[in-house]
Q: 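First, the structure itself, so that you have it in front of you.
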Amino acid sequence: AYTMVADLAAAGGRGLNFGLIDEATNRGAIIGTTLGFAILFWLQGGVGIEWKKLWWILFAIYGVTTVAALVIAWRGVRETRPMTLSTAPASKGITRRLLTLMGIVLLTGASGAMVWPMLVIFLQDALHVEANGLALAYLPAAVISSFLPSRMGILSDRLGRRIPMILGLLVGAAASALIPHLRSLI
């Protein structure tokens with residue numbers, strides 16, 4: 001989807017269009033999680049199927065819908081990249097700006113990958129709450145992430161990419177620095 005946006009979006013509207021994809025992804029995650037847990041609790045409470053079998057059923061449903069989506073995409077989505085270009089863009093190779101961006105992505109991706117698997121366990125231990133309490137605490141962020149990316153994309157289309165990226169990194173760094181000092185779920 002991101003490649004399609006890069007192929008089709010006008011240069012001045014890419015932030016908006018990339019944001020719309022992020023919103024759709026996040027909304028789909030909320031809908032899928034809600035439906036998954038609804039099915040899980042209905043099958044467990046209403047039908048009386050054991051937990052181990054329930055997870056197998058849910059992942060089978062997920063697998064079937066994923067294969068269906070693959071078939072629909074394979075058959076129904078046309079190529080978006082222009083086959084002929086009237087003027088081929090000149091390749092700039094690897095520039096200093098590209099290396100800087102790659103470094104930022106490497107550092108943020110590596111730090112997130114190291115912390116994320118242990119974050120829920122840490123928060124449960126530090127705040128003395130169960131997973132459902134943490135899920136409720138993350139719910140506002142999930143809702144915001146399903147409506148805010150396109151608006152931030154509009155902002156980056158107007159201001160350029162640098163300022164929103166720097167602000168986002170600073171906010172993310174501040175939030176990460178505050179997590180070890182949390183003492184309540186609120």
Side-chain angles (χ1 to χ4, degrees), residues 1-6 15-78 80 105-154 168-186:
Y2 289 112
T3 307
M4 292 172 70
V5 167
L16 166 67
N17 287 295
F18 280 115
L20 289 171
I21 290 178
D22 283 344
E23 286 178 7
T25 301
N26 293 323
R27 288 177 190 167
I30 291 172
I31 292 167
T33 300
T34 303
L35 286 176
F37 277 112
I39 292 169
L40 188 72
F41 292 131
W42 174 73
L43 288 174
Q44 196 268 336
V47 180
I49 300 173
E50 65 184 48
W51 279 102
K52 195 173 189 178
K53 193 169 189 173
L54 284 175
W55 285 106
W56 188 92
I57 291 169
L58 276 181
F59 277 100
I61 292 169
Y62 174 76
V64 168
T65 57
T66 302
V67 169
L70 174 67
V71 169
I72 290 168
W74 189 267
R75 289 184 178 172
V77 178
R78 63 180 175 77
T80 57
V105 171
L106 174 70
L107 291 174
T108 57
S111 62
M114 287 187 285
V115 172
W116 189 251
M118 297 175 283
L119 182 61
V120 172
I121 296 168
F122 169 77
L123 290 174
Q124 283 180 321
D125 291 346
L127 303 177
H128 308 292
V129 294
E130 295 298 320
N132 57 356
L134 289 177
L136 286 175
Y138 273 99
L139 187 59
V143 171
I144 288 170
S145 67
S146 67
F147 292 99
L148 195 59
S150 66
R151 284 127 184 110
M152 293 293 103
I154 291 171
L169 288 168
L170 290 173
V171 168
S176 295
L178 291 174
I179 286 176
H181 305 290
L182 293 177
R183 295 298 168 244
S184 77
L185 193 58
I186 293 174

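These numbers were taken from a predicted model, which means no experiment stands behind them.
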Q: Not counting sequence neighbours, which residues clear side chain to side chain contact (heavy atoms under 4.5 Å, CB included) with Ser176? List them please.
A: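 Scan of Ser176 (side chain to side chain contact (heavy atoms under 4.5 Å, CB included), adjacent residues dropped) gives none.
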
Q: Mind checking the CG-CG spacing from Leu43 to Leu54? Nearest 0.5 Å is all I need.
A: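 Atom-to-atom, Leu43:CG and Leu54:CG are 5.5 Å apart.
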
Q: Might you point out which heavy atoms bring Pro149 and Gly19 nearest each other, and give the distance in Å?
A: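 Closest approach of Pro149 to Gly19, heavy atoms only: CB-O, 3.4 Å.
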
Q: What side-chain donor-acceptor pairs closer than 3.5 Å can you find for residues 127-145, not counting sequence neighbours?
A:
{"unit_1": "His128", "atom_1": "ND1", "unit_2": "Asp125", "atom_2": "O", "d": "3.4"}
{"unit_1": "Ser145", "atom_1": "OG", "unit_2": "Ala141", "atom_2": "O", "d": "3.2"}
{"unit_1": "Ser145", "atom_1": "OG", "unit_2": "Ala142", "atom_2": "O", "d": "2.9"}

Q: Rounded to the nearest 0.5 Å, how far does CE of Met152 lie from CG of Leu16?
A: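 It comes to 12.0 Å.
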
Q: Pairs under 3.5 angstrom only: tabulate donor-acceptor contacts from the side chains of residues 57-72 to other protein residues two or more places apart or in another chain.
A:
{"unit_1": "Thr65", "atom_1": "OG1", "unit_2": "Ile61", "atom_2": "O", "d": "3.1"}
{"unit_1": "Thr65", "atom_1": "OG1", "unit_2": "Tyr62", "atom_2": "O", "d": "2.9"}
{"unit_1": "Thr66", "atom_1": "OG1", "unit_2": "Tyr62", "atom_2": "O", "d": "2.7"}

Q: Where do Gly112 and Pro117 come nearest, in terms of heavy atoms and distance?
A: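 Looking at all heavy atoms of both residues, the shortest contact is O-CD, 4.3 Å.
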
Q: Under the side-chain hydrogen bond (donor to acceptor under 3.5 Å, both in side chains) rule, collect the residues that match up with Ser150, sequence neighbours excluded.
A: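 Expected list: Glu23.
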
Q: Could you tell me whether Trp51 atom CH2 has more than 12 heavy atoms of other residues or ligands within 6.0 Å of it?
A: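 It does: Trp51 CH2 has more than 12 such atoms within range.
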
Q: Compile the donor-acceptor pairs under 3.5 Å between side chains in residues 29-42 and protein atoms, sequence neighbours left out, one pair per line.
A:
{"unit_1": "Thr33", "atom_1": "OG1", "unit_2": "Ala29", "atom_2": "O", "d": "2.7"}
{"unit_1": "Thr34", "atom_1": "OG1", "unit_2": "Ile30", "atom_2": "O", "d": "2.8"}

